[in-house]
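Only one structure is covered here, and it is reproduced in the block below.
Note that the coordinates shown come from a computational prediction; the quantities given were computed from them, not determined experimentally. Just the heavy atoms: all of them, side chains too, but no hydrogens, waters or symmetry mates, feed the values below. First listed ligand is number 1; within each ligand, the first listed atom is number 1.
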Amino acid sequence: KSSMQKLNVAYNDGMRLLLKMPRWSSASQMFVVLFLLERKMGASRRAFLSQLGRKKGFQVEEVFSERVTHVICENNCSDEVRTWLHSQVGGRTSAQPLDISWFTESMRAGRPVEILDRHKVQQIDEAEVVAFSVPSYACLRRTTLDNHNPVLTDALSLLAENAELSDEDGRGVAFRRAAAVLKALPEPVTGVTQLRGLPCLGGHSLRVIRDILENGASSEVEFTKQSERFKALKVLTDIFGVGAKTAERWIRDGIHSLHQLQESGQTLNRAQQAGLEHYDDLKQPVTKAEADAIGEIVEEAVVSVLPGAQITLIGGFRRGKLTGHDVDFLITHPEEGREVGLMPKVVSWLESQGFLLYQKTTRNSYLEAKDGPARPASNMDRFERCFSIFKLADAEKRGTKQTENTPEDTCRLAAHSQVTDEGPKPASGHRRWRAVRVDLVVSPISQFAFALLGWTGSKLFERELRRWAGHEKAMSLSSHALYDNKQGRYLKATSEEEIFTYLGLEYIPPSERNA
Ligand code: UTP
Ligand code: MN
């Protein structure tokens, strides 16, 4: 080694001693050699922070060596770091593990700040930690509506939504999975150390959680909430019939609000026109009472046009949710084939009674032989399905109708409220009805159990069920069928329980599918 290098080493050694003293005294950042641990932090964040540190004049090493004086970690415990250091240089290092907070505070200060206890990487005493244990597939967990971590799950769901609206589905799913893991915890989380060993919590999600636990809010979440882009995407995609792609296009044309959309002269399709017209109503959550009232109307429609046909409430309300963004029903008939042609009749009945403000029906295009296992991704839209907007009379009016009145009264009622609404509002200022999104799905009885399972949700629960089926069981699950790839055949089922059994899963009732 050159004498200069030797001097350097001696100097660094001396400084290292100095740095271990309680105060930094006159130590300057040039004697601090930092290395950022990638584990948990993630490669891109590590690269970003390393770069930032260098810009602020810190020496940040790309590769670990004996020169390193401090190892900066995020969300690691000291055992983890020690194990890692050992794997690198067999323990021949005196580098001190420090929490990321020390690094960020030092960057802010423009010099290495004093090392306080809170900057030291925590030693975790396994016995003291209230560690949670959660299986990694949501379909192995029982997730009720009793969420003990709403602040954290709301934050992660917002980031998921932002990712989905920005055409970043992978990131969206990652945030949804992280939120779902927290929803399954039996208690509120109070510190990130409790989350060690939990599945589906990547560096990004952990950072958000930690920000909220330590600072009360996540800067990323707050920034997203305030961002013009996110706000515009939300307002526009809240219009029924408008997806992320359309909203994106409009935003590029400078449309950020409903007012701007109306002024823009954009051509709207029929669904979007209805969506815009009933915007305020459709944004209002649907209550369980309203869902039940609609259930009675749909039931009446179904049995009027095909006696013996059955309807089942599906979606969030079947999982026990108290409100929803829409109401979903599954319709079938116990005799295979009798359901054919049912949807148009139901729709005509509802229309003739004045119950529909909008409807669009898609035909059943599912063919087992052609579409079954080969096209698992396309399962979602193959049932005969009706997307509609219902005109639901107010509670008082409904009460009389359901106990005494005939369908003709309901018709009159609906027509009457339409007239008052077109003219000036009644003196009371109250409208007599509201618009509600309703989805109707018709399934042949042979596919009923699969449709019921597939349409009960939650969306993440469904996604995880299909992932489990594919990855762990070599089966393809859709809302129509279950195909066993090894046996090369379809597995018939008449109940959800049977499907869980085929999949080697414990039965999870709807109220515990709120992942
Ligand atoms: P929803 O979007 O209605 O969600 O889909 P939800 O759980 O009822 O919650 P709300 O309405 O926002 O309160 C219900 C179920 O139907 C399935 C989804 O997988 C979800 O589990 N679904 C929905 C489909 O299979 N295909 C679709 O095109 C839409
Ligand atoms: Mn729903």
Side-chain angles (χ1 to χ4, degrees), residues 138-139 143-145 147 153-154 157-158 160-161 164-165 169 172-173 176 179-180 183 234 237-238 240-244 271 275 281-292 294-295 298 311-331 360-366 371 375-390 435-443 447-469 476-482 496 499 508-515:
C139 53
T143 316
T144 62
L145 288 168
N147 176 0
T153 56
D154 284 353
S157 302
L158 183 129
E161 193 180 7
E164 288 157 1
L165 290 176
D169 288 345
V173 173
R176 295 262 177 231
K183 282 184 197 167
K234 274 287 281 180
T237 55
D238 270 349
F240 168 66
V242 178
D281 269 11
L282 299 187
K283 245 181 56 178
Q284 287 294 316
V286 184
T287 64
K288 180 63 169 50
E290 288 168 334
D292 288 339
I294 290 171
V298 175
I311 74 157
T312 309
L313 183 64
I314 47 176
F317 286 113
R318 183 166 182 248
R319 302 196 307 276
K321 278 179 65 180
L322 297 176
T323 61
H325 95 284
D326 67 357
V327 195
D328 313 284
F329 294 99
L330 180 58
I331 304 169
K360 184 181 164 67
T361 308
T362 60
R363 285 188 311 129
N364 179 1
S365 56
Y366 177 81
D371 299 323
R375 304 180 54 180
S378 60
N379 65 356
M380 301 300 274
D381 301 302
R382 319 214 111 230
F383 279 116
E384 188 168 24
R385 180 174 174 187
C386 175
F387 304 85
S388 73
I389 301 177
F390 258 60
V436 179
R437 273 274 300 117
V438 177
D439 270 5
L440 306 177
V441 185
V442 171
S443 126
Q447 297 172 19
F448 179 77
F450 298 99
L452 185 61
L453 179 58
W455 283 82
T456 296
S458 69
K459 285 201 185 71
L460 186 76
F461 190 89
E462 302 297 337
R463 174 182 272 277
E464 296 281 279
L465 264 183
R466 290 195 298 272
R467 186 164 71 98
W468 169 270
S476 318
L477 175 68
S478 75
S479 297
H480 297 273
L482 179 63
E496 288 182 317
I499 304 172
I508 309 278
S511 63
E512 294 176 339
R513 297 181 202 160
N514 286 291

Check your understanding: Got a second to check how far Leu282's CG is from His325's NE2, nearest 0.5 Å?
Key -> 9.0 Å

Check your understanding: In terms of side-chain geometry, is the basic nitrogen of Glu464 or Arg467 positioned less than 4.0 Å from the acidic oxygen of its partner?
Key -> yes

Practice item. Decide whether an N or O pair under 3.5 Å exists between Arg319 and ligand 1. Key: yes

Exercise for review: Under 4.0 Å, heavy atoms only, figure out whether ligand 1 is touched by the backbone of Asp328, its side chain, both or neither.
Suggested key: side chain

**Study point:** Derivation and outcome, side-chain contact (heavy atoms from CB on, under 4.5 Å), residues Thr361 and Cys386
**Key:** CA-CA 4 Å; Thr361 308; Cys386 175; 4.0 Å; yes

Practice item. Please step through side-chain contact (heavy atoms from CB on, under 4.5 Å) for the pair Phe390 and Val298, ending with a clear verdict. Key: CA-CA 10 Å; Phe390 258 60; Val298 175; 3.9 Å; yes

Review point. Between Leu330, Thr312, Leu452, Ile331, which is the residue that forms a side-chain contact (heavy atoms from CB on, under 4.5 Å) with Val441?
Key: Leu330

Point to revise | N/O donor-acceptor pair under 3.5 Å between Thr237 side chain and Ala244 backbone | key: no

Study note, to complete from the structure: Note: heavy atom closest to atom 12 (O) of ligand 1, options Arg513, His325, Lys321, belongs to His325

Review point. Hey, is Arg385 touching ligand 1 through its side chain, its backbone, both or neither, going by heavy atoms under 4.0 Å?
Key: side chain

Review point. Looking at CZ of Arg513 and CG of Leu460, how far apart are the two atoms once the value is rounded to the nearest 0.5 Å?
Key: 14.0 Å

Check your understanding: Is there a salt bridge (Lys or Arg N to Asp or Glu O under 4.0 Å) between Glu164 and Lys459 once you walk through the steps?
Key -> CA-CA 13 Å; Glu164 288 157 1; Lys459 285 201 185 71; over 6 Å; no

Practice item. Within a distance under 4.0 Å of any heavy atom of Gly324, pick out the atoms of ligand 1 and give their elements. Key: 13 (O)

Review point. Which atoms from ligand 1 have a heavy atom of Asp326 less than 4.0 Å away?
Key: 3 (O), 11 (O)

Study note, to complete from the structure: Near Gly315 (heavy-atom distance under 4.0 Å), the atoms of ligand 1 are 8 (O), 14 (C)

Review point. Would you say Glu462 has any N or O atom under 3.5 Å from an N or O of ligand 1, going by distance alone?
Key: no

Check your understanding: Looking at ligand 1, does any of its N/O atoms fall within less than 3.5 Å of an N/O of Gly316?
Key -> yes

**Study point:** Spacing of Arg385 atom CZ and Ser443 atom OG [to the nearest 0.5 Å]
**Key:** 13.5 Å

Point to revise | Atoms of the protein (N/O/S only) found under 2.8 Å from the Mn ion (ligand 2) | key: Asp326 OD1, Asp328 OD2

Point to revise | Spacing of CG belonging to Asp439 relative to CZ belonging to Phe387, to within rounding of 0.5 Å | key: 6.0 Å

Practice item. Counting heavy atoms only, name the option from Gly454, Gly457, Ser478 that's nearest to atom 19 (O) of ligand 1. Key: Gly454

Check your understanding: So does Leu322 have more than 12 non-hydrogen atoms from other groups sitting under 6.0 Å from CG?
Key -> no

